[in-house]
Amino acid sequence: MHPFRLATLSTATVLVFVLSAADAFAGNEACKLLTAEKFSEIMGYTAKITGSSEATCLYKGAGDAGGMLMIVTEEATPQILAMANGQGSIPHGNPGNLGASFSKGTVVFSVGIHGTDPSKVNALAAEVKRNLK
């Protein structure tokens with residue numbers, strides 16, 4: 001394929017993907033759903049946002065303390081909703097990490113923390129659910 005056609009096709013593909021992603025998360029921004037202040041209040045330590053996108057927010061406290069919020073989709077199918085609601089707080093990754101998937105309406109999101117208290121994950125999820133549009 002000619003390099004110009006390949007570049008044009010690649011640019012068009014990226015543009016469609018970016019516009020689709022922007023539409024998919026137009027109503028809810030992760031760091032607005034769960035602010036650093038509220039994350040800190042729930043977790044019991046001061047945290048700041050160290051990385052973000054519309055769909056993801058990363059929180060960092062002292063040492064290894066921290067967590068994340070990720071909006072998976074705002075247009076979940078019934079099958080995806082059933083899987084998300086069945087997850088609960090489950091250990092994942094390295095020891096000392098907890099995470100879970102939750103949903104409200106057609107929005108599915110995931111909350112993860114570096115810690116061992118599932119009630120913290122559930123409290124963070126409750127805050128996100130309160131703020132979802």
Side-chain angles (χ1 to χ4, degrees):
M1 181 176 276
H2 191 274
F4 179 75
R5 282 190 187 152
L6 182 59
T8 303
L9 180 59
S10 297
T11 302
T13 303
V14 168
L15 184 57
V16 167
F17 178 77
V18 168
L19 291 175
S20 297
D23 288 343
F25 299 103
N28 294 294
E29 292 183 39
C31 292
K32 290 181 180 177
L33 293 172
L34 183 60
T35 65
E37 294 78 18
K38 196 62 174 178
F39 181 92
S40 298
E41 179 185 321
I42 292 168
M43 294 302 295
Y45 58 79
T46 302
K48 62 182 179 177
I49 294 171
T50 58
S52 68
S53 68
E54 267 187 292
T56 306
C57 198
L58 304 175
Y59 308 90
K60 179 76 172 107
D64 288 339
M68 59 73 81
L69 165 64
M70 180 174 55
I71 301 170
V72 178
T73 182
E74 289 188 332
E75 299 173 0
T77 64
Q79 293 83 5
I80 293 172
L81 290 172
M83 286 189 299
N85 291 330
Q87 297 269 330
S89 291
I90 54 171
H92 65 84
N94 297 325
N97 290 336
L98 288 176
S101 298
F102 301 89
S103 68
K104 180 180 177 187
T106 59
V107 178
V108 174
F109 62 95
S110 179
V111 176
I113 63 168
H114 184 76
T116 57
D117 186 353
S119 69
K120 300 286 189 184
V121 173
N122 292 328
L124 293 169
E127 178 65 17
V128 172
K129 286 181 180 183
R130 268 192 290 283
N131 293 320
L132 282 169
K133 295 178 184 177

Among V108, V121, L124, which residue meets the side chain to side chain contact (heavy atoms under 4.5 Å, CB included) test with F102? V121
Considering non-hydrogen atoms only, spot the tightest contact between T56 and C31 and give its length.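 Heavy atoms of T56 and C31 come nearest at O-SG, 4.2 Å.
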Tell me the closest heavy-atom pair linking A30 and S53, and the distance in Å.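 Minimum heavy-atom separation between A30 and S53: CB-O, 4.5 Å.
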At what distance, to the nearest 0.5 angstrom, does [atom1] of [X] lie from [atom2] of [Y]?
X    : Y    : atom1 : atom2 : answer
D117 : L98  : CG    : CG    : 8.0 Å
S110 : M68  : OG    : CE    : 4.5 Å
L132 : E127 : CG    : CD    : 10.0 Å
F109 : S101 : CZ    : OG    : 9.0 Å
E54  : E74  : CD    : CD    : 8.5 Å
K129 : L33  : NZ    : CG    : 13.0 Å

Any side-chain heavy-atom pair of [X] and [Y] under 4.5 Å:
X    : Y    : result
L69  : F39  : no
Y59  : I113 : no
K133 : V107 : no

Salt bridge (Lys or Arg N to Asp or Glu O under 4.0 Å) partners of K120, counting only residues at least two apart: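 Salt bridge (Lys or Arg N to Asp or Glu O under 4.0 Å) check on K120 returns nothing, list empty.
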Could you pull out all residues at least two apart from E37 that satisfy salt bridge (Lys or Arg N to Asp or Glu O under 4.0 Å)? none
Between S40 and A47, is there a donor-acceptor pair closer than 3.5 Å when you use the side chain of the first and the backbone of the second?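 Here the side-chain-to-backbone pair exists.
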